[in-house]
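First listed ligand is number 1; within each ligand, the first listed atom is number 1. Everything quoted here is computed from the prediction, not taken from an experiment. Numbers for residues simply follow the sequence, beginning at 1.
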Amino acid sequence: MKITFFSTQSYDKQYFNACNQTHELHYVDALLDENTVLLAQNSQVVCAFVNDKLNANVISTLAQMGVGLVAMRCAGYNNVDLNAAHQHGLTVVRVPAYSPHAVAEHTLALILTLNRKTHKAYNRVREGNFSLERLMGFDLFGKTVGVIGTGKIGMTFCRIMRGLGCSVLAYDVAENEELLAEGIQYTSLTALLEASDIVSLHCPLNDATRHLINEQSLQKMKKGAMLINTGRGGLIDTKAVIQSLKTGHLGYLGLDVYEQEDKLFFRDFSESIIQDELILRLMSFPNVLVTAHQAFFTDEAMTEIAQTTLQSVDCFEKGAVLAHKVG
Ligand code: NAD
């Protein structure tokens, strides 16, 4: 089958080419939206990523062009209009669990970097500055970590933090039996926000979770607490978080995702003038760390993403049951 890949990066080509045996892979750099959708001409499958915009118009055009399968090479599918896909008879698959460890471990990396300031120490030492002034951190041991969303990634993260001697509080709309059996305590969202020294977001972005972290929820957090988001940018109201950082209420912020990331992430703007005032303001705080949606980015995860996606295309071609169908 001919598969058109949108938002392609060099590593996508590397991993998909290595796994592919039978399909014709057509790589496009552009993000998928209404202006670029025609690049999928003559394809039976479109392979998209986190910031591609699969709204009703794009879905309708894909269906008219004869595309039958949208294969998301990621876990989240908040950027796909599933109603429109259903209406136009388009099947959507995703990669539900390529490596929860990759994301959970990156979450820990953000916490440790913000806390122990290794990014600042690295630069200081390279310049011959061996002073410890302003590098003070805190022990993670004994601290309370609030985990919002305890699915595959949240569960892995709970276990990592427990291993470090943290006390873990969880909030989810559906409690995880395995974690309950391990003694993880579930609580209300308010109680979690009030009690946690670190709050980490691992729920999907949907109508119920959009701006879950807003002015009111930030006020409930402990003064000086740390907030980490490796879920989706839209879980946080960015303006509210900037305000909380400005007053000193929010102590630290670690982001791997950002609400307006589609205009920035996965591209090099080092020689350009960045127009997004919010990200510039965020990056100006000494207690904010931003990574560009790289939590998934490990060799194991990329291999699994390519294998699972191409297996789904194989099944679609044969008319077999699609294990990772969405909706
Ligand atoms: P999952 O489906 O296994 O778990 C999600 C959990 O969130 C579930 O337990 C679900 O019940 C819970 N949930 C749903 N609605 C909720 C709500 N309103 N409040 C609280 N909890 C709620 O998903 P996962 O594989 O653990 O991934 C979680 C999210 O992480 C994905 O949706 C995706 O957006 C994000 N993600 C980010 C990266 C990255 O590179 N930064 C990579 C993969 C996934």
Side-chain angles (χ1 to χ4, degrees), residues 7 9 11-12 48-52 72-80 82 92-111 146-161 168-180 184 186-193 196 199-214 217 227-236 254-259 261-262 264-266 289-305 308-309 323-327:
S7 303
Q9 301 287 342
Y11 43 83
D12 294 313
F49 197 48
V50 292
N51 292 324
D52 290 310
M72 300 302 295
R73 55 179 190 279
C74 52
Y77 49 88
N78 52 287
N79 50 334
V80 185
L82 288 179
V92 181
V93 291
R94 64 173 180 142
V95 187
Y98 43 84
S99 171
H101 305 286
V103 184
E105 289 170 14
H106 188 77
T107 309
L108 176 63
L110 291 175
I111 292 171
V147 182
I148 300 180
T150 52
K152 292 173 285 297
I153 295 169
M155 176 168 67
T156 307
F157 177 68
C158 284
R159 289 171 173 162
I160 289 174
M161 297 318 285
V168 175
L169 282 177
Y171 168 73
D172 197 310
V173 287
E175 296 184 357
N176 180 316
E177 296 295 331
E178 284 183 56
L179 287 181
L180 281 171
I184 294 283
Y186 278 85
T187 182
S188 68
L189 180 57
T190 297
L192 179 148
L193 293 170
S196 299
V199 172
S200 191
L201 308 180
H202 300 286
C203 54
L205 176 63
N206 55 39
D207 290 344
T209 60
R210 189 173 303 280
H211 288 189
L212 185 82
I213 301 298
N214 52 37
S217 41
L227 174 64
I228 305 286
N229 187 9
T230 59
R232 282 289 179 269
L235 297 174
I236 290 182
L255 298 179
D256 185 53
V257 286
Y258 166 61
E259 206 168 4
E261 70 176 52
D262 56 321
L264 291 169
F265 284 11
F266 310 122
L289 178 64
V290 180
T291 54
H293 208 138
Q294 75 173 79
F296 74 98
F297 199 50
T298 65
D299 178 54
E300 291 82 354
M302 284 301 296
T303 304
E304 188 64 35
I305 286 171
T308 306
T309 305
H324 306 307
K325 191 172 164 188
V326 183

Visitor: For ligand 1, note which part of T150 has a heavy atom under 4.0 Å away: side chain, backbone, both or neither.
Guide: backbone
Visitor: With a 4.0 Å heavy-atom cut-off (strictly under), which part of V103 contacts ligand 1: side chain, backbone, both or neither?
Guide: side chain
Visitor: Counting heavy atoms only, name the option from H202, R94, M155 that's nearest to atom 28 (C) of ligand 1.
Guide: H202
Visitor: Taking N79 for the side chain and V50 for the main chain, is one N or O donor matched with an acceptor at less than 3.5 Å?
Guide: yes
Visitor: Measure the distances from the heavy atoms of T230 to every atom of ligand 1 and state whether one is below 4.0 angstrom.
Guide: yes
Visitor: Residues two or more places apart in sequence or in another chain: which of them pass side chain to side chain contact (heavy atoms under 4.5 Å, CB included) with R210?
Guide: L205
Visitor: Just one of T230, D172, I228 clears the side-chain contact (heavy atoms from CB on, under 4.5 Å) bar with H202, so which one?
Guide: T230
Visitor: Have a look at ligand 1 and work out which part of F157, if any, has a heavy atom under 4.0 Å from it: side chain, backbone, both or neither.
Guide: neither
Visitor: Within the structure, does D172 bring an N/O atom to less than 3.5 angstrom of an N/O atom in ligand 1?
Guide: yes
Visitor: Does P100 reach ligand 1, in the sense of a heavy atom lying below 4.0 Å from it?
Guide: no
Visitor: Among V173, V199, I148, which residue satisfies the side-chain contact (heavy atoms from CB on, under 4.5 Å) criterion with L189?
Guide: I148
Visitor: The criterion is side chain to side chain contact (heavy atoms under 4.5 Å, CB included); which residues satisfy it with A301, sequence neighbours excluded?
Guide: Y98, S99, A102, T298
Visitor: Strictly distance-based, threshold 3.5 Å: is any side-chain N or O of Y186 a donor or acceptor partner for the main-chain N or O of N176?
Guide: yes
Visitor: Indicate yes or no: does an N/O atom of Q294 lie under 3.5 Å from an N/O atom of ligand 1?
Guide: no
Visitor: Please check if any side-chain donor atom of H106 sits under 3.5 Å from a side-chain acceptor atom of T291, or the reverse.
Guide: yes
Visitor: So is N206 polar-close to ligand 1, meaning N/O to N/O under 3.5 Å?
Guide: no
Visitor: Out of N229, L201, T209, who gets a non-hydrogen atom closest to atom 18 (N) of ligand 1?
Guide: T209
Visitor: So does L180 get a backbone contact from the side chain of E175, meaning a donor-acceptor N/O pair under 3.5 Å?
Guide: no
Visitor: Compute the minimum heavy-atom distance from F297 to ligand 1 and say whether it is under 4.0 Å.
Guide: no
Visitor: Side chain, backbone, both or neither: which applies to I153 and ligand 1 if a contact is any heavy-atom pair less than 4.0 Å apart?
Guide: both
Visitor: Given that the side chain starts at C-beta and the backbone is N, CA, C, O, which of these parts of H106 lies under 4.0 Å from ligand 1, counting heavy atoms, or is it both or neither?
Guide: neither
Visitor: Measure K152 to ligand 1 on non-hydrogen atoms and call it side chain, backbone, both or neither using the 4.0 Å cut-off.
Guide: both
Visitor: Quick check on atom 44 (C) of ligand 1 - does any protein heavy atom sit closer than 4.0 Å to it?
Guide: yes
Visitor: Got a donor-acceptor contact below 3.5 angstrom from the T209 side chain to the L212 backbone?
Guide: no
Visitor: For atom 20 (C) of ligand 1, which of Y77, F296, Y171 has the closest heavy atom?
Guide: Y171
Visitor: Taking the minimum heavy-atom distance to atom 29 (C) of ligand 1, which of G76, C203, G149 ranks first?
Guide: C203
Visitor: If I take atom NE2 from residue H324 and atom CE from residue M72, how far apart are they, to the nearest 0.5 angstrom?
Guide: 15.0 Å
